[in-house]
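See below for the structure under consideration.
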Protein chains: 2
Amino acid sequence: MSGRIAPRSRKETRAAVLESLLRSGGAFRPLIARDTQLTEASVSRILAELRSEEIVEELRRPAPYVGGPTALVTLSNDIPVAGIELSNNRLSFGIGGLGGTVDYVERLPVSPQLRQEEFEQLFSDSLATMRRWTGTRGIAIRQAAFSIPGYSRTHANPIFPWDMERLSGFLGDALEGVPLAITNSVIAQAAFHRYSNVAAYPAEGDHLFLFVGHGVAGVVVNETAPIDAFSPFELGHMVIERGGLACRCGHKGCLEAYTSLRAISTIVGVAESEVLQQGDRFIDLLDLGRDIRERLRERLFLLGLGVGNALNLHPVSSVVISGWPSLMSDADRAAISAGIDESLLGGFDAERLKLSFIAPSIGNDPQAALYYAAHCFVRAGGLEAKAEPQAVLGENA
Amino acid sequence: MSGRIAPRSRKETRAAVLESLLRSGGAFRPLIARDTQLTEASVSRILAELRSEEIVEELRRPAPYVGGPTALVTLSNDIPVAGIELSNNRLSFGIGGLGGTVDYVERLPVSPQLRQEEFEQLFSDSLATMRRWTGTRGIAIRQAAFSIPGYSRTHANPIFPWDMERLSGFLGDALEGVPLAITNSVIAQAAFHRYSNVAAYPAEGDHLFLFVGHGVAGVVVNETAPIDAFSPFELGHMVIERGGLACRCGHKGCLEAYTSLRAISTIVGVAESEVLQQGDRFIDLLDLGRDIRERLRERLFLLGLGVGNALNLHPVSSVVISGWPSLMSDADRAAISAGIDESLLGGFDAERLKLSFIAPSIGNDPQAALYYAAHCFVRAGGLEAKAEPQAVLGENA
DNA sequence: GCACAATAATTACACAGTGTAAATATAATG
DNA sequence: CATTATATTTACACTGTGTAATTATTGTGC
């Protein structure tokens, strides 16, 4: 937490406390108070409230030192949230608790060109299966989140030619009152990596998070802003070479045409679908010849060129890259810095720009969406997403 | 105002009311209440307070309709603020009131390669002159603002190789306690154009503001964020042509190398300094041959290419361009759209992207900085920028 | 095993800032 | 000049916070 100022509504204060707990995964009160910039008195009040609503739990722990705190506060794991992810090769459903447990998963293969009607059919079927599962257990989902590559609240996405109004309408009907958040996959990814295990994340402060996979997506992780305000962007469709390789978007010379998993798979001679099946470590399995390695480095250089340009437009001092480049050796990755050096104003300087890599989490979908759902629940202060004034009117109109 | 939520500190509430007044240039109470999302009761209280402090004034006006409002609320014009602008060809000082009046101006020619020591000398001299002026009139500046091209709080600027710590230190000393805000020129420009005359501005909602002059700078105007949180960026140093024209930054193929005033001046055969002297309408004065026109269009196309890429990274649906391209004919400007069409994901579509032009305001410096100073005064709720807790300590340490 | 030390956690109370609603003011209209 | 319609102020209640006093908890040393 940070960037907030004292007077807040109860909902916001609850959200601040819950958010702190979600990020830390459990903490003692003095820590919560510091993190949320509240007094212990306020924390005490809020926690009493949250405990009575069974949103948080307190585990008795021996004090770690004389007079130390005695109860470890954690989020209840009995609040079920649902995460749904659509990627270019599958649709996955999951149910879990706020603590990060995953209790139910279903995954369906889909084609990258999935039509909206097909999707709706698939979704309805899976949802029915999921309902059966929750039904027998008497579980009521408190918050759902759906992540889509390239999703944007404000912009239509030419790469994902679905009717977004129809989509929200459909989902709203399908989920029957369960609060739903739709977000861009790269936001969910970034939030999951950044906050689900704070200690393991290589960056702090505002930075760029990039995911290089089927596409090349980026997001500005603004530490003081709420996650749903992060700005996602399509780095993959930055034109880095006028008149260059043809891209699926119709343009020529897009970064994606050079550095997407698909573009790479033609170089290494493995189909993209196979790469996805092999998961995280596919590059280790390959015996890359000198030639192939060289070509991959060229592509990494171009990625760097794009990243440098992105940094000219989003000036931050740290970049975290996830995706296939994270699987390459340091020597290979040096090509990225070289590319940045050619485009970033002032050149690449390890003193001023921290470049980190984290393993792409292929195969653990829909963990990110699940995390995002937990985040949304928590952001609303754990209060049922009461219909906004307008929405109330809307229901009758 | 917008994007805020109900409970606020007094300072914030004052800021909201004052900001509303600064933007509207004066309003009746019911309007203020709507704009700030406060009740009339709260507005009444705040205004009573501000009136007693002589920050706002109420002009008796006949009610415009039965039972209509009777007093027009405006910001006092007796609150002196100072604006200082550094551009590539001059340093200008100004003093004015919150209402937009300019009471004092001094402008000094400087070279684009001004060294920091020279600057300090010039600044001290001008400040002394200004002090004499305020001294004889018994005027005490309440807020000062200084705008610099390429300034960034977080990043050193390789184009502007000054020591920023030394700069703030120097300015702090020089201004002796007058609260000072330093900002990027493009932010001051954008804020000035956007809010000093709301009705005349061609865009609403979040958008990109670009200034094409000595450099090519951009800023994301986020309507819900405070102005000082706008994100400025150096569009000019996006590499749009690998191995292209050499740029002053040391790279090749930067947008600036093709579209800056300097790049253009070599095409039209007029020195940049002359262009600046001729002011806003320099292009009208030239008899552009077919050839020159064609070359300018090529440059506008490249500008469009860069803008499209910028939009891929900052997805907004409106762009406002100020600078020499604003002086070109519609037919010429079409080249910009053509460029955008080649890089923006999904192509250029007038339905989805609004492209507007506003006349560059050459020669009325330091109006923008002056406006920014007024904005800073207002943002602090018209309260003396009390030293923050840390700063207080700092003074004794 | 017990008093003590040291910090945690709760609670009573005061204060800031808001909205609601009642009271009062203002000016055009007939 | 009363009426009308809306603006403006004021009294009061309510929310949420911080301060400071109070109570709880547990390791340490005797």
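The shown structure was predicted, so the numbers you read here are calculated from the model rather than taken from an experiment.
- Separating the CD atom of E40(B) from the C1' atom of dA23(C) is a distance of 15 Å, rounded to the nearest angstrom.
- Ring planes of Y201(A) and H207(A): tilted class, angle from 30 to 60°.
- Using cut-offs of 30° and 60° on the angle between ring planes, the pair Y195(B) and F230(B) is tilted.
- Between R45(B) and E49(B) there is no salt bridge, since none of the side-chain N atoms of the basic residue sits less than 4.0 Å from a carboxylate O of the acidic one.
- For R29(B), whose side chain is taken as the heavy atoms from C-beta onward, the closest listed nucleotide among dA28(C), dA9(C), dT8(D) is dT8(D).
- F28(B) places its CZ atom 21 Å from the P atom of dA5(D), with the value rounded to the nearest Å.
- Straight-line distance from the CZ atom of R60(B) to the C1' atom of dA25(C): 10 Å, rounded to whole Å.
- Side-chain nitrogen and oxygen atoms of S44(B) include none within less than 4.0 Å of the OP1 or OP2 phosphate oxygen of dA7(D).
- The side chain of T13(B) places no N or O atom within less than 4.0 Å of a non-bridging phosphate oxygen (OP1 or OP2) of dG17(C).
- The aromatic rings of H375(A) and Y372(A) are tilted relative to each other, their planes meeting at an angle between 30° and 60°.
- Residue order along DNA chain C, read from the 5' end via each residue's closest nucleotide, puts L47(A) first among G67(B) and L47(A).
- One can place CZ of R14(B) at 15 Å from C1' of dA16(C), the figure rounded to the nearest angstrom.
- For R10(A), a side-chain nitrogen or oxygen approaches OP1 or OP2 of dT17(D) to under 4.0 Å.
- Whole-Å rounding puts the L72(B) CG to dT8(D) P distance at 10 Å.
- Across the protein-nucleic acid pair, I46(B) atom CD1 and dT8(D) atom C1' stand 15 Å apart, rounded to whole Å.
- Side-chain contact of R10(A) with T13(A): a donor-acceptor pair under 3.5 Å is absent, judged by distance alone.
- For the pair R61(A) CZ and dA9(C) P, the computed distance is 14 Å after rounding to whole Å.
- Residues R45(A) and T70(A) each lie close to DNA chain C; by heavy-atom proximity, the contact nearer the 5' end of the strand is made by T70(A).
- The distance between atom CG of L31(B) and atom C1' of dA7(D), rounded to the nearest whole Å, is 13 Å.
- A63(A) comes within contact range of the sugar-phosphate backbone alone, with a heavy-atom separation under 4.0 Å but no base atom that close.
- For A41(A) and V66(A), each mapped to the nucleotide of DNA chain D holding its nearest heavy atom, the one lying further toward the 5' end belongs to A41(A).
- Among the heavy atoms of the strands lying under 4.0 Å from Y65(B) are primed sugar atoms or P, OP1, OP2 only; no base atom is included.
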